[in-house]
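First up is the structure itself, then whatever we jot down about it.
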Amino acid sequence: MNKNIIVIGANQTGLVFAAFARNAGFDVTVYEAKKQCDVAYDWTDDMVEETFEEVGMPLPPKEIYTRKRNWTFVPPEKGVNVLMDLPDDQLDMAIYRRPFNAWLLSRAECAGVKVFYETPVKRAIVENDVVLGVELENGEVVPAGLVVDCCGVNSAVRKSLPESLKITRNVDKNDTFIVRRTFFNRPENTARPKYTNRAYLKHINERGISWCTLSHDEKQADVLIGRVGEMSDKTYENALADIRCDNEIVGDKIITGGQLLQIPVRHPLSRFVANGYALLGDSACMTIPMLGSGMASGMKAGKMLSDVISSPVTENPFSVENLYRYQARFMKEIGGKHAAVDMMKNWLLNSKKGDVDFLLGKGVVSRKVLIEASAGHMIVMSPAEMAQAAVKGVAKLPLLLNLAVLLQKMKKECKTASNMPKYYDEAAFSKWEEKYEKPFRK
Ligand SMILES: Cc1cc2nc3c(=O)[nH]c(=O)nc-3n(C[C@H](O)[C@H](O)[C@H](O)COP(=O)(O)OP(=O)(O)OC[C@H]3O[C@@H](n4cnc5c(N)ncnc54)[C@H](O)[C@@H]3O)c2cc1C
């Protein structure tokens, strides 16, 4: 049996998995389409510090991360600013992604992983429903026992799979967030804003979010504008104009960023393993659907996959029977909650004008609930909290009932999604997929 592993994609998900798998004794080769310096974004992104302990990694060097500031949530009609007000030790890490990527690369290379840049993979080589390796863009065919696809949401390799593997090849654009993040100069003599990190929910009543934050060195304004499914230039310009009205720190000069990007914002794919193949990170839609954060879950999933192939229950660690355990574990620990949060995201996107302002303004949706949902956690309210919410929201009882029904549906979906059949059995797996996807059918 071929014990070589090919990892496609050298952002954090691919590099973290590659290092774990190499340390577990496998030969690991990573192919990355871009140059090393272009792989990671030129900015900081947020992650919960405990992620490193959970996956069994040390914290990155201190100089490559700082602390996120508290978010302030602004509903569509801007009737209220809800400041999270978390103590410093509960705030996320803000990681400088380029040096973070370089740190992960050095760890992987020290472990003995071979990494090839500017080497795009064209497709998976599949015979009799077994993935046997990959074909590179340059025509070279490389055999492998396991191909781990960490190519992101638009993975060309996933798209190349035959239908018979039953893996979703194309992620619907309405399940993605089209986003532009731009750093503008902060004009001189502008006052330090009271709310340094404002997140606009359903900004100007559109299907998406925007944010305006003061950069860590306080010299720039970090503006993100994202919409679900599509974002025209006009939509972007309107949203930017609105943000400028509220935030005098947004100057006219672009310092960095500004490219149009895409993030998956849906529940995880219903199937992300096959014989000799596994999806990992954004390519399996492992992001938190409410925010599109995917660094932590991709890293955790990488550790799970490495654990599963290192302790196979069948002779072949790369068989679908064995890899299935990785998907089942991911869904139990993370994916089930993400599925529930996806339902909440859809509910919010489809809510009527004024509803989000009412829920936040009256405190029906508490700070605690907002914090939980944005961290991708399941929302659990005690009977006392429910009663309090009912009193606060009594003026809009139908809306409250609707919300209560949603919470019940989320609980049910979380249970379904978290409990895949214990062992791989094709018929039972397909049946579970059907049940899991049902609430999301359009
Ligand atoms: C504006 C913005 C803000 C974000 N903020 C946060 C945040 O605060 N916190 C957070 O956790 N997440 C955040 N995210 C999401 C986060 O960036 C992703 O979840 C994460 O990068 C996914 O990592 P990945 O390694 O799975 O995939 P990717 O980062 O998409 O990496 C895929 C890699 O595969 C390579 N590749 C693609 N196709 C091929 C091919 N055919 N052959 C070889 N290589 C290929 C690509 O070049 C790329 O390097 C943000 C995303 C954006 C766009």
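First listed ligand is number 1; within each ligand, the first listed atom is number 1. Quantities reported herein were computed from a predicted structural model and do not represent experimental measurements.
Ring-centre distance between F272 and Y326: below the 6.0 Å cut-off.
Annotation for K415: atom NZ does not count as buried by contact number, only 12 or fewer foreign heavy atoms lying within 6.0 Å.
The protein residues lying under 4.0 angstrom from ligand 1, judged by non-hydrogen atoms, are I8, G9, N11, Q12, T13, Y31, E32, A33, K34, V39, Y41, W43, D45, D46, R97, P120, V121, C150, C151, G152, R181, L224, L261, I263, G281, D282, T287, G292, S293, G294, M295.
Pairs of residues two or more places apart, or lying in two chains, never qualify as salt bridge (charged side-chain N to carboxylate O under 4.0 Å, His left out) while including a residue from residues 275-291.
Under the ring-ring contact (aromatic ring centres under 6.0 Å, His included) criterion, F184 pairs with no residue at all, not counting sequence neighbours. Scanning for ring-ring contact (aromatic ring centres under 6.0 Å, His included) contacts around F429 gives Y324, with sequence neighbours left out.
Donor-acceptor pairing under 3.5 Å is lacking for the side chains of N247 and R244.
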